[in-house]
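Since the structure comes first, as structure tokens, the remarks are kept for the end.
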There are 2 protein chains.
Amino acid sequence: MKPSKPSKSRVLEFVHEAAGDLHKAGFIDKRRMRQFDALCLQPIAPYSSTRIRALRARHRLSQAVLASVLNTSLSTVRQWEIGQKQPSGPSLKLLSILDKRGLEALL
Amino acid sequence: MKPSKPSKSRVLEFVHEAAGDLHKAGFIDKRRMRQFDALCLQPIAPYSSTRIRALRARHRLSQAVLASVLNTSLSTVRQWEIGQKQPSGPSLKLLSILDKRGLEALL
DNA sequence: AAAAAGTGTAACACTTAGTGTTATAGATAG
DNA sequence: CTATCTATAACACTAAGTGTTACACTTTTT
């Protein structure tokens with residue numbers, strides 16, 4: 001199912017652009033286009049412990065508050081920042097939302 | 001640390017309101033207020049398998065697309081909907097964002 | 001009509017994130 | 001001086017996450 005042979009993001013980029021044109025031309029409705037967007041989401045880059053810590057510092061949040069915002073436990077956030085555990089997929093998604101859209105997007 | 005004795009959300013509601021007043025009165029700055037918001041976030045209600053399925057149907061997404069959006073695996077979404085596994089905390093958070101703010105908030 | 005692709009159920013086994021707990025410690029507020 | 005907040009660290013248990021396979025149904029393509 002997943003190609004994953006050719007670096008992917010390049011290919012998807014191209015395909016996505018093409019789909020965008022089709023949309024403008026009226027061959028793909030808005031809903032289909034959104035689904036397309038979703039499937040083409042490139043996997044979120046892993047957040048290192050230092051990057052998580054930096055992100056948290058940038059927003060001036062304590063580990064406890066960040067845990068609340070992400071709906072996870074304090075213990076978990078701690079271990080991310082120490083490097084003992086890696087954030088799961090959904091956690092990475094939330095981190096990237098915080099990164100790109102700010103705290104308000106998660107409240 | 002966590003009281004968790006008296007139903008909590010009631011208490012937090014009250015405290016939060018009080019803090020809001022303090023903010024208006026100028027005793028708490030905006031940043032502190034946001035942190036307060038975050039800590040007072042009431043834990044997200046669990047999404048049942050049928051509710052997840054309904055949410056997905058409402059947005060007309062396939063299981064595969066939903067998995068992409070939440071940055072998790074197809075296998076995981078399947079098991080949520082069959083009721084074999086429960087979504088983790090961060091996953092619940094993402095589901096509630098999709099629920100309340102729509103797909104765009106996750107792209 | 002037949003083949004191919006998309007969608008979903010089901011079962012299985014493995015890995016690892018998530019969690020709670022406890023002890024320790026520095027900083028800071030009351 | 002002592003609580004409280006903040007964070008590190010180690011530990012063990014549970015359950016979520018994942019990949020895989022096989023099967024079935026529907027829709028699309030050739």
Side-chain angles (χ1 to χ4, degrees), chain A residues 1-4 15 19 22 27-28 31-32 35-36 38-40 43-44 46-96, chain B residues 1-5 15 19 22 27-29 31-32 35-36 38-40 43-44 46-96:
Chain A
M1 288 298 125
K2 291 185 179 177
S4 74
V15 175
L22 288 176
F27 290 107
I28 301 181
R31 175 130 13 204
R32 285 278 167 205
Q35 293 213 15
F36 203 85
L39 255 183
C40 284
I44 293 166
Y47 274 69
S48 68
S49 57
T50 56
R51 204 169 153 208
I52 294 174
R53 179 172 253 114
L55 176 60
R56 179 170 65 83
R58 186 150 60 83
H59 289 273
R60 322 232 176 188
L61 304 172
S62 68
Q63 291 176 336
V65 171
L66 180 60
S68 281
V69 170
L70 304 183
N71 197 33
T72 188
S73 73
L74 177 55
S75 173
T76 295
V77 171
R78 290 210 199 293
Q79 288 177 93
W80 289 348
E81 294 198 2
I82 299 173
Q84 288 186 353
K85 296 285 171 66
Q86 307 296 322
S88 65
S91 297
L92 286 174
K93 181 79 188 191
L94 286 170
L95 287 171
S96 86
Chain B
M1 290 299 124
K2 291 187 179 177
S4 76
K5 285 266 178 66
V15 175
L22 288 176
F27 290 105
I28 302 180
D29 65 12
R31 173 128 17 201
R32 284 278 167 204
Q35 292 213 16
F36 203 85
L39 254 184
C40 282
I44 292 167
Y47 274 68
S48 69
S49 57
T50 57
R51 206 171 153 207
I52 294 174
R53 180 171 254 115
L55 176 60
R56 180 171 65 84
R58 185 151 61 83
H59 289 273
R60 322 232 176 188
L61 305 172
S62 68
Q63 292 176 335
V65 171
L66 180 60
S68 280
V69 170
L70 304 184
N71 197 34
T72 188
S73 72
L74 177 55
S75 173
T76 294
V77 171
R78 291 209 199 293
Q79 288 178 92
W80 290 348
E81 294 199 2
I82 299 172
Q84 287 185 353
K85 296 282 172 68
Q86 308 295 323
S88 66
S91 298
L92 286 174
K93 181 80 187 190
L94 287 170
L95 287 171
S96 86

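Computed over heavy atoms, backbone and side chain alike; hydrogens, waters and symmetry mates excluded. Being a predicted model, the structure only gives us computed values, none of them experimental. Below, read A as the first sequence line, B as the second, and so on, with proteins coming before strands; counting in each chain starts at 1.
- Using a 4.5 Å cut-off on side-chain heavy atoms (C-beta onward), Pro87(B) and Ile52(B) make contact.
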Between protein and nucleic acid, restricted to nucleotides 11-18 of chain D and to nitrogen or oxygen atoms under 3.5 Å apart, what atom pairs and distances do you find?
residue : atom : partner  : partner atom : Å
dA16(D) : O5'  : Gln86(B) : O            : 3.2
dG17(D) : OP1  : Ser88(B) : OG           : 2.9
dG17(D) : OP1  : Ser91(B) : OG           : 3.2
dG17(D) : OP2  : Trp80(B) : NE1          : 2.9
dG17(D) : N7   : Lys85(B) : NZ           : 2.9
dG17(D) : O6   : Lys85(B) : NZ           : 3.1
dT18(D) : OP2  : Thr72(B) : OG1          : 2.5
dT18(D) : OP2  : Ser73(B) : N            : 2.9
dT18(D) : OP2  : Ser73(B) : OG           : 3.1
dT18(D) : OP2  : Thr76(B) : OG1          : 2.9
dT18(D) : O4   : Gln79(B) : NE2          : 3.2

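- Protein atom CZ of Arg78(B) is 5 Å distant from nucleotide atom C1' of dG8(C), rounded to whole Å.
- Taking side-chain N and O atoms only, Arg56(B) has a distance below 4.0 Å to OP1 or OP2 of dG8(C).
- In this structure, the side chains of Lys93(A) and Leu70(B) stay at 4.5 Å or more apart for every pair of heavy atoms.
- In this structure, Ser91(B) and Trp80(B) have side chains that are in contact, with non-hydrogen atoms separated by less than 4.5 Å.
- Residue pairs satisfying the salt bridge (Lys or Arg N to Asp or Glu O under 4.0 Å) criterion with at least one member in residues 80-92 of chain B, sequence neighbours excluded, are listed as follows: Arg53(B)-Glu81(B), Arg56(B)-Glu81(B).
- Side chain to side chain, Thr50(B) and Ser48(B) meet the donor-acceptor criterion of an N or O pair below 3.5 Å.
- Put simply, CD on Glu81(A) is 11 Å from C1' on dT6(D), counting in whole angstrom units.
- Rounding to whole angstrom units, CD of residue Gln63(A) and C1' of dA25(C) are separated by 14 Å.
- Within the 3.5 Å criterion, the main-chain N or O of Pro90(A) finds no donor-acceptor partner in the side chain of Asn71(B).
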